[in-house]
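Model, not experiment: these values are computed from the prediction. When a ligand or atom number is given, it counts from 1 through the structure's own listing order.
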Amino acid sequence: MPAVAEARPQTAAAPYSAGIFSGPVFEMARRQFDRVADHLHMAADERERIFMPKRAISVSCPIHRDDGSVAVFTGYRVQHHLTLGPTKGGTRFASTVDVGEVGALAIWMSWKCALLGLPYGGGKGGVTVDPFSLSSRELEALSRRYMQEMIPFVGPQIDVMAPDMGTDERVMAWFMDTYSMYQGSTVTEIVTGKPVECGGTVGRREATGRGVAYCVRRAMEHMKIAPQHATAIIQGFGNVGSVTAQELALQGVRIVGVSDHTAAYYDAGGLDVEALLEHVREHRVLRGYSQESLCDPDELLTRPCDILVPAAMERAITANNAAHLKCRILAEGANGPTTPEADRILAERGEDLFIIPDILCNAGGVVVSYFEWVQDLQRYFWGHAEVREKLEQSLERAFQRVIARAGRDRISHRDAALALGVETVRHAKQTRGLFP
Ligand code: GLU
């Protein structure tokens, strides 16, 4: 054997090089992957081929501020694998964004798309910026400049962006417009999550929250919890958290707690979801909604409830609070809300706690993004009923596969979901072979 081959790590325990990716979120994605790779008896070199992102792009985005000065923001895009089709995933505007986080989120998108049977690799992008610190004009300038910098690296058959934390339909419209202006014609299929009037699909805005609520409904059936007697706490009141609250309330669930980065509220008698939405429409954030029901945001997660929906940041449920959770269903609306340490603690509860892992629970968003891309490519648009029915079919299939796999292999729902996703990518790579 040549010396090079001998030097290659051959055991699962061998150290790996994370390259430019570092930080706790990337580390978490790696630990989750290694658990599943152990379960799938994957050799060390195959792990690196499947896990490490294919491309990472960093761009500097200068914009004119309203006061006449120039500010420069750093943006990233990570494209995880190109084996199944274009890469797909959101763009995040948040002050916490770094390349390690974006890399982890891109990797999670891969397992999510594969679990749901979508013809995509995972992608994710982000700009390190607090979007609340920008005026509407500055936000538009940054969105357009970020997309302009990304033009050499994206395309409807290369990498398709979507909303994530801190971005919305407006930002997607600016992305689409910027790309189209450079192409010289309207290319709606370049991003998903657009407003319906410029090539978006009906039902995309609500899709992630609806998907969360659908999975919760199925979990309640498993746990024999009647929605009319159930209570829920939702951390995060952006697009995902707020729609989840609305949809759960429609099922008869009492929403007893909500929070965002500005305030947390708890009322055992139930909060008025419509009034909360109205407040956020007017003030952008939850702060100032009420004095009586104010509570400590960290404590909110450990208050009594049947359903806990972390729908904000990664690493909300950690070794510090996992043992104190009272919920029976943990519905992961956010990406990566539960750390591996917390997972270990929660596993001790056995069948008493039903975890709906993120790559299943929040997959409704990317499923309807896929529908939007298909509709844009065909220039043929579907109605509400069709989108909703196809979304529920996709989630139901994935939900059943996860439960069945967990039962068959005696593993957690998370490991089952990840195993199904990772396995799909692994098989596709094995079948296509290694080029050249
Ligand atoms: N950002 C969302 C996610 O994390 C949606 C991605 C998409 O629609 O492409 O799943």
**Request:** Could you check atom 9 (O) of ligand 1 against the protein and tell me its nearest heavy-atom contact, residue, atom and distance included?
**Result:** Lys88 NZ, 2.8 Å
**Asked** Is any side-chain N of the basic residue among Glu314 and Arg92 closer than 4.0 Å to the acidic one's carboxylate O?
**Response** yes
**Item:** Top protein contact for atom 5 (C) of ligand 1, by heavy-atom distance
**Value:** Arg204 NH2, 3.6 Å
**Item:** Distance under 6.0 Å and angle within 45° of ring axis: Lys390 vs Trp382
**Value:** yes
**Fill in**
Under 4.0 Å from one or more heavy atoms of Gly365, ligand 1 contributes atoms 8 (O)
**Asked** Under 4.0 angstrom from ligand 1, any heavy atom of Pro163?
**Response** yes
**Item:** N-O pairing of Arg145 and Glu138 below 4.0 Å
**Value:** no
**Salt bridge present between Arg388 and Glu247 (N-O < 4.0 angstrom)** = yes
**Message:** Looking at Arg205 and Asp168, is any side-chain nitrogen of the basic one under 4.0 Å from a carboxylate oxygen of the acidic one?
**Reply:** no
**Item:** Protein heavy-atom partner closest to atom 7 (C) of ligand 1 - residue, atom, separation in Å
**Value:** Ala162 CB, 3.3 Å
**Asked** Any idea which protein heavy atom is nearest atom 10 (O) of ligand 1, and the distance to it?
**Response** Lys112 NZ, 2.6 Å
**Asked** Heavy-atom contact under 4.0 Å between Gly89 and ligand 1?
**Response** yes
**Request:** State which residue, out of Lys429, Met42, Arg426, His81, fulfils the side-chain contact (heavy atoms from CB on, under 4.5 Å) condition with Arg49.
**Result:** Lys429
**Prompt:** Does Lys124 have a non-hydrogen atom less than 4.0 Å from ligand 1?
**Reply:** yes
**Thr208 contact mode with ligand 1 (heavy-atom cut-off under 4.0 Å)** = neither
**Message:** Testing Gln375, Glu372, Arg204, Lys88 one by one against Thr192 for a side-chain hydrogen bond (donor to acceptor under 3.5 Å, both in side chains), which residue passes?
**Reply:** Lys88
**Request:** May I ask you to decide whether Glu27 forms a salt bridge with Arg31, counting only side-chain N to carboxylate O separations under 4.0 Å?
**Result:** no
**Message:** Within the structure, is a non-hydrogen atom of Met109 found at a distance of less than 4.0 Å from ligand 1?
**Reply:** yes
**Request:** Considering only non-hydrogen protein atoms, determine which one is nearest to atom 8 (O) of ligand 1 and report residue, atom name and distance to 0.1 Å.
**Result:** Ser369 OG, 2.5 Å
**Item:** Proximity winner for atom 1 (N) of ligand 1, if only heavy atoms of Val366, Thr87, Asp164, Asn362 are counted
**Value:** Asp164
**Message:** Taking Arg47 first and then Asp38, would you say they form a salt bridge - that is, a charged N and a carboxylate O separated by under 4.0 Å?
**Reply:** yes
**Item:** Atoms in ligand 1 flagged as close to Gly90, the criterion being non-hydrogen separation under 4.0 Å
**Value:** 1 (N), 6 (C)
